[in-house]
2 protein chains.
Amino acid sequence: MVRVKSEAVREAILASAATEISANGYLDTTIGRIAKGAGIAPSNVYVYFVSKLEIYFAIYDPWFKDQFLALERRVKRQPTRDKKIRHLVQGILRDIAIDQTGYTAALMEALAAIKPKDKYRPDLLTWAENKIEQIILKSVGGYEAGDPRLKAFAHLLMLTFDGTALRVKALRANAQEDGTMDAVEDMLMAIISGSGHSV
Amino acid sequence: MVRVKSEAVREAILASAATEISANGYLDTTIGRIAKGAGIAPSNVYVYFVSKLEIYFAIYDPWFKDQFLALERRVKRQPTRDKKIRHLVQGILRDIAIDQTGYTAALMEALAAIKPKDKYRPDLLTWAENKIEQIILKSVGGYEAGDPRLKAFAHLLMLTFDGTALRVKALRANAQEDGTMDAVEDMLMAIISGSGHSV
DNA sequence: TTCAAAAACGAATACTATTCGGTATTGACA
DNA sequence: TGTCAATACCGAATAGTATTCGTTTTTGAA
């Protein structure tokens with residue numbers, strides 16, 4: 001092997017793509033513009049990534065996990081169980097689903113655009129649901145490991161996450177401004193704070 | 001006006017599009033194939049519809065409303081309040097979100113593909129949430145009109161609907177086969193059956 | 001200094017939704 | 001019943017996309 005991929009080029013592609021996706025979403029971000037932003041030819045992008053989808057997830061995956069890890073720390077820091085639960089639910093719905101970068105809105109486009117040949121594996125979703133279980137288990141408390149309600153709650157929360165993000169995308173308004181989202185959050189919080197035996 | 005649009009052609013377009021969308025989803029359904037199925041030229045499709053998105057909603061809107069109306073009747077028919085609630089939640093998540101026609105999976109693609117110039121109005125989502133409130137109010141019982149918990153529950157249910165449909169699309173598996181979805185449904189049912197004052 | 005692997009490039013390729021310019025049809029009116 | 005203008009309808013653009021291909025250039029090891 002006599003010529004080696006440039007880490008700088010790879011980073012330039014990711015940086016350019018991140019900017020574009022944040023500004024224009026997934027579908028409207030073109031390989032051409034990513035390449036121009038990175039200072040290379042469009043075809044050269046394919047030396048570093050097999051597809052636009054792969055580029056997107058190379059950006060979204062670490063961002064998403066960082067968000068959850070930061071959330072975990074915030075939850076842990078709360079003084080009361082109620083506050084922990086509130087931070088968990090609101091953090092996921094308000095901060096990650098409705099994020100300022102637009103990465104999650106782009107996720108909806110990316111997921112919708114997936115073709116069978118992309119062989120997408122929902123690792124991120126699994127990871128997130130496991131992380132939610134973990135946060136409740138270790139930082140919120142009140143549940144035993146393996147409690148099936150934990151897995152169900154985590155799934156419900158992530159389904160709600162998807163719906164929230166999708167609506168940001170399609171309605172370009174943070175949905176109901178009338179306090180309905182607050183009430184939805186309350187319902188979700190009630191599920192997890194009520195059901196567990198108290199600490 | 002001397003020549004009139006043919007109702008037969010309009011129907012042929014819709015029928016062809018419905019078949020295509022059911023088989024290939026929204027993004028992979030092309031105007032060319034819709035036209036071929038309808039026996040007309042692609043450009044002629046635009047005499048009847050302004051865009052592919054409009055064609056899609058001309059199909060999805062009535063289908064979706066029919067599903068909800070049929071669900072409403074089924075719920076009403078149940079003998080006990082618990083069974084009514086169960087049918088409501090499962091009908092939405094199992095029958096409409098994970099439908100056999102693939103129309104709802106296509107909805108996720110259509111929503112994701114929406115551009116600002118499409119000026120999409122989320123009437124359907126609003127309609128569905130109102131209908132859910134109505135069903136609970138009139139067919140399930142236990143709540144007063146205007147109870148804010150109704151609106152919140154309807155919203156939560158539809159967010160879950162979105163998430164479920166999105167996963168069908170992206171994972172092409174009805175998600176968790178391990179009973180987690182059952183537990184999620186139970187959680188949703190508990191919210192609405194527990195909170196209302198009993199009848 | 002050489003040289004082959006492979007990065008990088010520009011030009012295809014194969015698609016797409018939608019538009020445009022002309023042609024053919026047809027419903028109202030004479 | 002014949003005329004004619006509005007417009008359905010058609011085929012050929014247009015503009016835009018992700019990705020691939022053939023070639024040129026670079027570069028790291030020998």
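Reminder, nothing fancy here: chain letters follow the sequence lines and each chain counts from 1. Keep in mind that what you see is a predicted model, and the values were worked out from it rather than measured.
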For B:Tyr48, which contact category applies under a 4.0 Å heavy-atom criterion: base, sugar-phosphate, or nothing?
sugar-phosphate
Candidates D:dT19, C:dA8, C:dT18 - which lies nearest the side chain of A:Lys52
D:dT19
Check ion pair A:Glu20-A:Lys52 (N to O, under 4.0 angstrom)
no
Within the pair B:Asn44 and D:dA8, is there a side-chain N or O less than 4.0 Å away from OP1 or OP2?
no
Taking the minimum atom-to-atom distance to the side chain of B:Ser43, which one of C:dG27, C:dT18, D:dC10 wins?
D:dC10
Atom pair distance, as rounded to whole Å: CD1 in A:Ile40 and P in C:dG10
11 Å
Base, sugar-phosphate alone, or nothing: which one does B:Thr30 contact when heavy atoms must sit under 4.0 Å apart?
sugar-phosphate
Of the listed nucleotides (C:dA17, C:dA7, D:dA18), which one gets closest to any side-chain atom of B:Tyr46?
C:dA17
Please report the distance, rounded to the nearest Å, between CD1 in A:Ile13 and C1' in C:dA7.
11 Å
When you check the gap from the basic side-chain N to the acidic O, do B:Arg74 and B:Asp95 get nearer than 4.0 Å?
yes
Between C1' of C:dC15 and NZ of A:Lys115, the distance in whole Å:
10 Å
Report which part of the nucleic acid B:Val9 touches: base, sugar-phosphate, or nothing (heavy-atom distance under 4.0 Å, all strands).
sugar-phosphate
Interatomic distance where CG belongs to A:Asp118 and C1' belongs to D:dT19 [whole Å]:
12 Å
Quick one: B:Glu7 CD to D:dA8 P, roughly how many Å, whole number?
13 Å
Nearest-Å distance for atom pair CZ/P, residues B:Arg3 and C:dT26:
5 Å
Do B:Asp123 and B:Arg121 sit within salt-bridge range, that is, some charged N less than 4.0 Å from a carboxylate O?
no
Atom-to-atom span, CD1 of B:Ile31 to P of C:dT18 - whole angstrom
6 Å
Between A:Arg86 and A:Asp82, is the closest basic N to carboxylate O distance under 4.0 Å?
no
Rounded interatomic separation in angstrom, taking NZ from A:Lys36 and P from C:dG10
12 Å
Short N-O contact, A:Arg94 and A:Asp182, less than 4.0 angstrom
yes
